[in-house]
> 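Just dropping this structure here.
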Amino acid sequence: MRLILTALIFIEGLFFLVMGLGFLLMPASTVTSFHLMADGAGGLAVLRADFPALFFVGGGAMIWGAWKRNGDLLLVPAAIFGIALFGRIVSVFADGTYPGFLPPMLVEALAVILSLVASRVLPHRLT
């Protein structure tokens, strides 16, 4: 169980790190899958700064927390992607759905669930 949980967290953490790299290195082409548009140098700067920060911290905390079996560290990605998921849910109610709205919500929900479960299951217990 622990090995499978750790592997799933590593896979999703790597997925987020790759997404962060895409925004850092190729923001103009990466934004299309996020329904965004880069508006000149300022827009590209925001894409290179904010999105890698989100994905590097979230994905990195997932990988590092699982590797070290640190339950507290795994609460960081749970909070980051939980807030992102909450924002998407608010948007569904406020703005309605759009084609492809569900997959990002499922990825974020999976990150939250995996991180919360692992924060309780993975840490070493000294008795």
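The figures that follow rest on heavy atoms only: side chains count, while hydrogens, waters and symmetry mates do not.
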> Using every non-hydrogen atom in the two residues, find where L44 and A28 come nearest and quote the distance to one decimal.
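Answer, listing the atom of L44 first, then A28: CD2-N, 4.2 Å.
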
> Please tell me if the side chains of N70 and L74 come closer than 4.5 Å, counting only heavy atoms from C-beta onward.
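The answer is no, as the side chains (C-beta and beyond) never meet within the 4.5 Å cut-off.
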
> Determine, using the 4.5 Å side-chain heavy-atom cutoff (strictly less than), whether I83 and F51 are members of one ILVMFWY cluster.
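They do not share one cluster, since no chain of ILVMFWY contacts under 4.5 Å joins I83 to F51.
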
> Find the distance between OG (S115) and CD1 (I9) and round it off to the nearest 0.5 Å.
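If we round to the nearest 0.5 Å, S115:OG and I9:CD1 are 5.5 Å apart.
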
> Just verifying a value: how many Å separate L122 CG and M1 CE, rounded to the nearest 0.5 Å?
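It comes to 8.5 Å.
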
> Would you say the side-chain atoms of E108 pair up with the backbone N or O of F81, donor to acceptor, closer than 3.5 Å?
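Here the side-chain-to-backbone pair does not exist.
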
> Same cluster or not: L17 versus L25, using hydrophobic residues (I, L, V, M, F, W, Y) connected whenever any side-chain heavy atoms lie under 4.5 Å apart?
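Both belong to a single hydrophobic cluster.
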
> Is there a chain of hydrophobic side chains (I, L, V, M, F, W, Y, each step under 4.5 Å between heavy atoms) that links V117 to I4?
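Same cluster.
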
> Atom OG1 of T97 and atom CG of L102: how far apart are they, to the nearest 0.5 Å?
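One finds 10.0 Å between OG1 of T97 and CG of L102.
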
> Can you name the nearest heavy-atom pair linking A61 to P77, along with the distance?
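Minimum heavy-atom separation between A61 and P77: CB-CD, 3.6 Å.
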
> Mark yes or no for whether R48, through its side chain, and P27, through its backbone, hold a donor-acceptor pair below 3.5 Å.
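No, the answer is negative, given that no donor and acceptor are paired below the 3.5 Å cut-off.
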
> Could you list the donor-acceptor pairs under 3.5 angstrom formed between side-chain atoms of residues 31-43 and any protein atom two or more places apart in sequence or on another chain?
from	atom 1	to	atom 2	distance (Å)
T32	OG1	S29	O	3.0
S33	OG	T30	O	3.1

> State, with a plain yes or no, whether a side-chain heavy atom of F16 is found less than 4.5 Å away from one of F56.
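Counting from C-beta outward, F16 and F56 never come under 4.5 Å.
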
> Rounded to the nearest 0.5 Å, what's the gap from CG on L85 to CG on L110? Could you check?
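Rounded to the nearest 0.5 Å, the CG-CG separation comes out at 11.0 Å.
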
> Just wondering, do L73 and W64 contact through their side chains at under 4.5 Å, heavy atoms?
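When only atoms from C-beta onward are counted, L73 and W64 do touch, with a gap below 4.5 Å.
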
> When you compare the side chain of L47 with that of L24, does any pair of heavy atoms fall below 4.5 Å?
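A side-chain contact is absent here, since even the closest heavy-atom pair is not under 4.5 Å.
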
> Does the side chain of L21 reach to within under 4.5 Å of the side chain of M26, using non-hydrogen atoms?
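L21 vs M26: side chains apart.
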
> When you look at CG of L106, are more than 12 heavy atoms from neighbouring residues, nucleotides or ligands closer to it than 6.0 Å?
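Yes, CG of L106 has more than 12 neighbouring heavy atoms, counting only those of other groups under 6.0 Å.
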
> Out of curiosity, does F86 fall in the hydrophobic cluster containing F93 (side-chain heavy atoms, cut-off under 4.5 Å, transitive links)?
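Not linked; separate clusters.
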
> Are M105 and V90 linked, directly or through other ILVMFWY residues, by side chains that come within less than 4.5 angstrom of each other?
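They do not share one cluster, since no chain of ILVMFWY contacts under 4.5 Å joins M105 to V90.
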
> What's the separation between atom CZ in F15 and atom CE in M62, rounded to the nearest 0.5 Å?
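Between atom CZ of F15 and atom CE of M62 there are 11.0 Å.
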
> Over all heavy atoms of both residues, which pair between G20 and P52 is shortest? Give the atoms and the distance, please.
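Shortest heavy-atom separation between G20 and P52 comes out as O-CG, 3.5 Å.
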
